[in-house]
Amino acid sequence: MLAVENLQVSYGRAQVLFGVSLTAPAGSLVCLMGRNGVGKTTLLKAIMGVLPVRSGAVRLDGRELTRLAVHERVRLGLGYVPQGHETFPQLTVAENLQVARETAGNRRAGVVDEAFDLFPALRGLLKRRAGFLSGGQQQQLAIARALVTEPRMLLLDEPTEGIQPSIVREIEEAIRQLHAAGLTILLVEQYLELALRLADRFVILDAGEVVRAGPAGELGDESVRRLLAV
Ligand SMILES: Nc1ncnc2c1ncn2[C@@H]1O[C@H](COP(=O)(O)OP(=O)(O)OP(=O)(O)O)[C@@H](O)[C@H]1O
Ligand SMILES: [Mg+2]
């Protein structure tokens, strides 16, 4: 479903991705891993169109997205939860979700209810400004905001980073349910045990290149652990 081919991305003159290729088959959950600073977030931003690419291609179901704007990619079915969640702090929970629905082109009203089924705690916080939510609640809102655009493919950048354990469990369960419901997911996750529980496949980046990829079962291998050890 998602195919990334030979992506090269730079910040000014500093090149960060050196020809990254990966695929996420329909319905799969692919875990993107690697140490701090190897280019995981840069790759997700390039897939989403938040960052321009120097060369290479991004395709969703065979359709080339590489030159499209972010909102056009959203309309074609890409959803994105950025690292550090980045909700609109001055807007209420309800307004955050409304803005996302409009970006995606006025999706069904029912999608908001479906997102609340996944994170029931948000239902009671509709009128609360996002900036006053806990970090974990903001992360749940950021995921809900991506879901109301009704993505077919979801990009999640370290959704459990710095989040209290009880909410990490809720987020893990939500990801599991979304995957079971057929959503294709590319998940950036540094916590190996979580990746082992959730992923079908994994890709490891190091210094802007894919150094290993395979079925999730291989994540337990000593050679894989070495690539992730700090
Ligand atoms: N806006 C920017 N301008 C210049 N360099 C940047 C910028 N953002 C990231 N970088 C650099 O690009 C490289 C990759 O960063 P990136 O954020 O993609 O890594 P990451 O794998 O997501 O790291 P982390 O695990 O810490 O989130 C790093 O060397 C980083 O310093
Ligand atoms: Mg990152």
Side-chain angles (χ1 to χ4, degrees), residues 2-24 29-58 65-66 69-70 73-74 78-87 89 135-136 138-143 145-146 151 153-165 167-168 171-172 174-175 184-199 201-214 216 219 223-230:
L2 176 77
V4 171
E5 289 161 22
N6 205 22
L7 272 199
Q8 309 224 27
V9 176
S10 304
Y11 294 104
R13 267 182 295 177
Q15 187 163 353
V16 171
L17 298 183
F18 298 86
V20 170
S21 300
L22 63 84
T23 57
L29 195 159
V30 178
C31 199
L32 176 63
M33 308 181 80
R35 299 183 182 104
N36 290 115
V38 296
K40 304 179 298 294
T41 295
T42 302
L43 177 57
L44 259 52
K45 285 181 174 171
I47 293 171
M48 202 60 210
V50 177
L51 275 177
V53 304
R54 173 184 282 194
S55 64
V58 177
L65 308 181
T66 324
V70 177
R73 297 183 203 213
V74 171
L78 268 189
Y80 176 44
V81 183
Q83 187 168 14
H85 37 76
E86 295 179 23
T87 54
Q138 287 188 43
Q139 186 62 261
Q140 292 178 322
L141 174 59
I143 297 171
R145 204 175 52 169
M153 165 101 221
L154 187 62
L155 311 175
L156 284 163
D157 199 347
E158 301 209 40
T160 66
E161 185 188 26
I163 303 294
Q164 66 187 78
I167 295 196
V168 168
I171 290 173
E172 176 179 347
I175 294 170
T184 311
I185 298 174
L186 180 59
L187 169 69
V188 176
E189 177 57 59
Q190 303 230 43
Y191 183 40
L192 186 60
E193 302 307 317
L194 190 71
L196 270 166
R197 288 201 295 271
L198 286 175
R201 301 189 57 76
F202 73 93
V203 174
I204 297 179
L205 278 187
D206 195 20
E209 293 183 278
V210 174
V211 289
R212 181 107 181 223
L219 273 172
S223 57
V224 171
R225 286 176 187 260
R226 257 201 309 275
L227 288 168
L228 299 172
V230 279

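Each ligand, and each atom within it, is numbered from 1 in the order the structure gives.
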Sub-4.0 Å protein heavy atom next to atom 31 (O) of ligand 1: no

Per atom 25 (O) of ligand 1, closest listed option by heavy atom (Glu161, Lys45, Lys40): Lys40

Validation row: Glu161, Gln190 side chains within 4.5 angstrom (heavy atoms): no

Beyond-backbone contact of Met48 with Val74, side-chain heavy atoms, under 4.5 angstrom: yes

Shortest non-hydrogen contact between Arg212 and Ser223, atoms and distance: NH1-OG, 2.7 Å

Minimum-distance protein heavy atom relative to atom 12 (O) of ligand 1: Val16 CG2, 3.3 Å

Closest non-hydrogen atom pair, Ala46 against Val58: O-CG2, 4.3 Å

Distance from atom 14 (C) of ligand 1 to nearest protein heavy atom, with residue and atom: Gly37 O, 3.4 Å

For atom 15 (O) of ligand 1, the protein heavy atom that lies nearest, with its residue and separation: Thr42 OG1, 3.8 Å

Side-chain (Arg145) to main-chain (Val81) donor-acceptor, under 3.5 angstrom: no

Polar atom proximity, Gly34 to ligand 1 (N or O, under 3.5 Å): no

Interfacing atoms of ligand 1 (cut-off 4.0 Å, heavy-atom, Gln83): 27 (O)

Any donor-acceptor pair under 3.5 Å from Lys40 side chain to Gly34 backbone: yes

Gln8: partners by side-chain hydrogen bond (donor to acceptor under 3.5 Å, both in side chains), with sequence neighbours left out: Gln15

Closest protein heavy atom (residue, atom, distance) for atom 26 (O) of ligand 1: Asn36 ND2, 3.0 Å

Residue of the set Val203, Val20, Val210, Leu155 for which side-chain contact (heavy atoms from CB on, under 4.5 Å) holds with Leu43: Val20

With Met33, the side-chain contact (heavy atoms from CB on, under 4.5 Å) member among Val224, Leu227, Leu219: Leu219

Protein residue, atom and distance nearest to atom 5 (N) of ligand 1, heavy-atom basis: Tyr11 CD1, 3.4 Å

Ligand-side contact atoms (ligand 1) for residue partner Glu158, heavy atom cut-off under 4.0 Å: 25 (O), 27 (O)

Metal site the Mg ion (ligand 2), protein N/O/S atoms found under 2.8 Å: 2

Contact summary for Thr41 and Gln83, nearest pair of heavy atoms: OG1-OE1, 2.6 Å

Any Gly39 heavy atom less than 4.0 Å to ligand 1: yes

N/O donor-acceptor pair under 3.5 Å between Glu189 side chain and Tyr191 backbone: yes

Closest protein heavy atom to atom 17 (O) of ligand 1, given as residue, atom name and distance to 0.1 Å: Thr41 CB, 3.7 Å

Shortest non-hydrogen separation from Ile175 to Leu187 and the atoms involved: CD1-CD1, 4.2 Å

Atoms of ligand 1, numbered as shown, that sit under 4.0 Å from any heavy atom of Gln190: 25 (O)

